[in-house]
Amino acid sequence: MYRELIEKLKPAPILNTTFYKDEDLYSDGDVEDVIIEIIAENKPEQYVQAIGKNMNWPVYYHLTHLRKNILNWYPFRKDSSILEIGCGMGSITNMLCDKCQDVTAVELSKRRATATLLRCREKENLEIIVGNLNDIQFDKKFDYITLIGVLEYQGTYTDTDNPYLDFLKEIRKLLKPGGKLLIGIENKYGLKYWCGAREDHTGIPFEGMNQYSITSREVRTFSRRELEDLVKESGFLHTFFYYPMPDYKLPTVVYSQDRLPQNENMHNLEPYYIPDRTTLIANEMKIYKDVIENGVFEFFANSFLVECSDNEDIGRVLASCLSSERQEKYQIATVFTREDTVEKIALNQQLGRSHLQQIMRNHSSLEKSGIKVLPMQMKEQRLVTPFVNEELLEHKILDAYKRKDKLEIYTIFDRVYQEILQSSSQISAEENIFFTMGIDESYNAEKYGPILRIGYLDMILRNAFYVDDEIQWFDQEWILECVPAKYILFRTIAELYTSFPWLETVITLMELANSYQLFLAWEDFRKMQQLFVDMVGDQVHAAESLLYRGTDRQACLNNIQKLLS
């Protein structure tokens, strides 16, 4: 079926087989034909449903939109040309076509190149070349080259005494003056490997730490220092390291050497393990607190994205948080730049424009109510606010918890609740959304307290600075009409305790809830929160991702017992 579709695609995009040697040197097997059929029969926005009907790791990995998160925040110049080395089945190719003037994608496997062709069938600025990059003769140079999940295989595909170095030297020749190379690769000392996860390429735990001496596969990854030395030895003068988490393949947040994580929360990061969790011996997420506080995160980060250039103009973006697990119209990237701005970008510019406009209206309305908010403006389809290098309200209250200063903790929550009450005019109890939506059929108004005409749901501690004894809010993305003020306080408290469970040792969640008379409505608030999550999130995608995410505590205990026996 898809072969007929390919014939109809001409003249765009271009599939160039001049350098193809009639042999696909690697493959995930026959499942690749299944993936190609899915691509041929569906548009990208339909992939989530198709994954659920054909659920396995190769289908999920090649088709999930999380793959684009490695570069969908990167500030490519719109008028630029890009060479994508190892495009696979087109996971990020479409996005590159949207961001750059022209894209040349190279792929060893003709079957995978066919998948990319079908996936990008509407792109007229794309040429796909099938073959080994070392055999291809190019008639132009490029502004950007991407090398995502490719460098580690050059022991197999570059036939020299020093394949990794020589491959990078050849790539450097293909860049224009001042051009940039972007390398995505695992860290052989990534924390997940210390916790017993299988090495991504060989499937053998601790293989990288054993310097790839257990198996005979010609594949290897590098430590941060090794990778930096390799890149510079190949001729690049400057590097800038990013740290995609949980790794470069399915990142949800990207830190950098100039903007490292500040605590173990890391935006509620959820690790995943392939093909399973059975080899784990420790809980990765419980170790990051010590890793970060001891200043060794860069050594233990699970993977790297390295920006390489002869030009010093690198590292414009310092960090990016990717809200890509929502419905597509709500998916945004929050980008922290070197120009001391924070920018919100819709990951689908057409669908996401109205959501950005709503955020802008939220900030304006909140400011009119007398609440102090960061200034915000719309610039070229992105929301821009100044970066404020001040203490987050979340950090202030965490410090109070560490000191077990209950008086300060309650003082902060009191102030937040007063700001919530001030944020909107109040309406009658009968208009309470919990009554009108049928969440509570008892119509007991007393347990809900004041009802706000507009509730700003993101008045949480992570979205506020504490400056000169004042609270200054930012990132007010969501509103809900006719909502109890206590529901917003519930969200504030629940989010904090979910991110930092150790807070229970100072003040229990129920103790705090009782202090603000939240207990009677707690279950109703939880129901509303789930409705909100269902409304905003992509629940099918979440269910698919859940199959691979999280630590198996029992597996850890079993493996520890084996070590002791």
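Here the structure is a predicted model, which is why all the values come from computation and not from measurement.
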**Student:** Before accepting this row, confirm whether a basic side-chain N of the pair D313/R338 lies closer than 4.0 Å to the acidic partner's carboxylate O.
**Tutor:**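 A salt bridge is absent here (no side-chain N lies under 4.0 Å from a carboxylate O).
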**Student:** Suppose we call two aromatic rings close when their centres sit under 6.0 Å apart. Are Y26 and Y153 close by that rule?
**Tutor:**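 Here the rings of Y153 and Y26 have centres that are no less than 6.0 Å from each other.
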**Student:** Ignoring hydrogens and geometry beyond distance, is a side-chain donor-acceptor pair present between S27 and R111 at under 3.5 Å?
**Tutor:**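 Looking only at side-chain atoms, R111 and S27 do form a donor-acceptor pair, the distance falling under 3.5 Å.
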**Student:** Compute the ring centroids of Y144 and F142, then answer whether they are less than 6.0 Å apart.
**Tutor:**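 No - the distance between ring centres of Y144 and F142 does not fall below the 6.0 Å cut-off.
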**Student:** Among side-chain atoms of E284 and N302, is any donor-acceptor pair under 3.5 angstrom?
**Tutor:**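 Yes.
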**Student:** For N132 and N134, does a side-chain donor sit closer than 3.5 Å to a side-chain acceptor?
**Tutor:**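 There is such a pair (donor and acceptor under 3.5 Å, judged by atom type) between the side chains of N132 and N134.
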**Student:** Is D24 salt-bridged to R112, cutoff N-O under 4.0 Å?
**Tutor:**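 Salt bridge absent between D24 and R112.
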**Student:** If you measure only the distance, is there a donor-acceptor pair under 3.5 Å linking the side chains of D247 and Y272?
**Tutor:**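 A donor-acceptor contact under 3.5 Å links the two side chains.
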**Student:** Verify whether one side chain among Y193 and E186 offers a donor that lies under 3.5 Å from an acceptor in the other.
**Tutor:**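 There is no such pair between these side chains.
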**Student:** Looking just at side-chain N and O atoms, do D166 and T158 make a donor-acceptor pair shorter than 3.5 Å?
**Tutor:**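 Result is no, nothing qualifies.
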**Student:** Between D276 and R198, is there a salt bridge with N-O shorter than 4.0 Å?
**Tutor:**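 Counted as a salt bridge, because a side-chain N and a carboxylate O are separated by less than 4.0 Å.
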**Student:** Hey, is R316 close enough to E343 for a salt bridge, meaning N to O under 4.0 Å?
**Tutor:**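 Between E343 and R316 there is a salt bridge, with a charged N closer than 4.0 Å to a carboxylate O.
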**Student:** Looking at E228 and R225, is there a salt bridge between them, counting it only when a charged N and a carboxylate O are closer than 4.0 Å?
**Tutor:**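 No, no charged N to carboxylate O under 4.0 Å.
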**Student:** Answer whether the closest heavy-atom distance between the side chains of K123 and T93 falls below 4.5 Å.
**Tutor:**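 Result no, sub-4.5 Å side-chain heavy-atom pair not found.
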**Student:** Hydrogens and angles aside, do H355 and Q331 bring a side-chain donor and acceptor to less than 3.5 Å of each other?
**Tutor:**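 No, no side-chain donor-acceptor contact under 3.5 Å.
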